[in-house]
Amino acid sequence: MIKLEMTGWREGLEKVSLTKLQMDILQISLKVSKSNVDSLLDNKKVIIEIESLDLAQEFLKQAEKIGVNCKLVLD
């Protein structure tokens, strides 16, 4: 299992895009996706477990583009 840590955000973070990105790539529900974004905006670290390294890397690449500071943690 791969863990993706969203550790913070940069000015100009695209909140709606981050919610949609979680739903589209990671198949996370709207409710959980919004909660993750709200937690991130409250300066809380968000950890998402992802089964596929390819999906994790794609999410990471797209999230970085929209203003999220994140990293992969391989177990």
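None of the values given here were measured: they were computed from a predicted structure. Start at 1 with the first residue, then count along the sequence.
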Novice: So do Glu51 and Met1 actually touch side chain to side chain, heavy atoms under 4.5 Å?
Specialist: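 Heavy-atom side-chain distance check passes, below 4.5 Å.
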
Novice: Is the shortest heavy-atom distance from the side chain of Lys44 to the side chain of Leu40 under 4.5 Å?
Specialist: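 No, too far: nothing below the 4.5 Å cut-off.
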
Novice: Any side-chain heavy atom of Leu41 within less than 4.5 Å of one from Leu13?
Specialist: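 Of all side-chain heavy-atom pairs linking Leu13 with Leu41, at least one is under 4.5 Å.
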
Novice: Evaluate the side-chain proximity of Asp54 to Gln57: yes if any heavy-atom separation is below 4.5 Å, no if none is.
Specialist: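 Side-chain contact under 4.5 Å: yes.
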
Novice: Check whether Gln22 reaches the backbone of Ser33 with its side chain - one donor and one acceptor, N or O, closer than 3.5 Å.
Specialist: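 It does hold such a pair.
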
Novice: Can you tell me how far the CD1 atom of Ile28 sits from the NZ atom of Lys20, to the nearest 0.5 Å?
Specialist: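 These two atoms lie 15.5 Å from each other.
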
Novice: What are the two closest non-hydrogen atoms of Asn69 and Trp9, and how far apart are they?
Specialist: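 It is ND2-N, 3.7 Å.
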
Novice: Keeping Ser39 on the side-chain end and Val46 on the backbone end, is there a donor-acceptor pair under 3.5 Å?
Specialist: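 Side chain of Ser39 to backbone of Val46: no pair is present.
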
Novice: Taking C-beta and beyond as the side chain, do Thr19 and Asn36 meet within less than 4.5 Å on heavy atoms?
Specialist: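 Not in contact.
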
Novice: Under a 4.5 Å side-chain heavy-atom rule over Ile, Leu, Val, Met, Phe, Trp and Tyr, are Ile25 and Ile66 clustered together?
Specialist: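 Both belong to a single hydrophobic cluster.
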
Novice: To the nearest 0.5 Å, what is the distance between CG on Leu21 and CZ on Phe59?
Specialist: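 Going from the CG atom of Leu21 to the CZ atom of Phe59 covers 4.5 Å.
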
Novice: What is the distance from atom CG of Leu72 to atom CD1 of Ile2, rounded to the nearest 0.5 Å?
Specialist: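 The CD1 atom of Ile2 is 7.5 Å from CG of Leu72, to the nearest 0.5 Å.
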
Novice: Are Ile47 and Lys3 close enough that some pair of their side-chain heavy atoms sits under 4.5 Å apart?
Specialist: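 Of all side-chain heavy-atom pairs linking Lys3 with Ile47, at least one is under 4.5 Å.
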
Novice: With hydrophobic residues grouped by side-chain heavy-atom distances under 4.5 Å, do Val32 and Met6 end up in a single group?
Specialist: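 Same cluster.
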
Novice: What's the separation between atom CD in Glu58 and atom CG in Leu26, rounded to the nearest 0.5 Å?
Specialist: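 Glu58 CD to Leu26 CG: 10.0 Å, rounded to 0.5 Å.
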
Novice: How many angstroms lie between atom CD1 of Ile48 and atom CG of Leu55, to the nearest 0.5 angstrom?
Specialist: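 These two atoms lie 12.0 Å from each other.
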
Novice: Taking the side chain from Arg10 and the backbone from Glu64, do they hold a donor-acceptor pair closer than 3.5 Å?
Specialist: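 Yes, Arg10 side chain to Glu64 backbone: donor-acceptor pair under 3.5 Å.
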
Novice: Taking atom NZ of Lys71 and atom CG of Leu4, what is their separation to the nearest 0.5 Å?
Specialist: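 The NZ atom of Lys71 sits 10.5 Å away from the CG atom of Leu4.
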
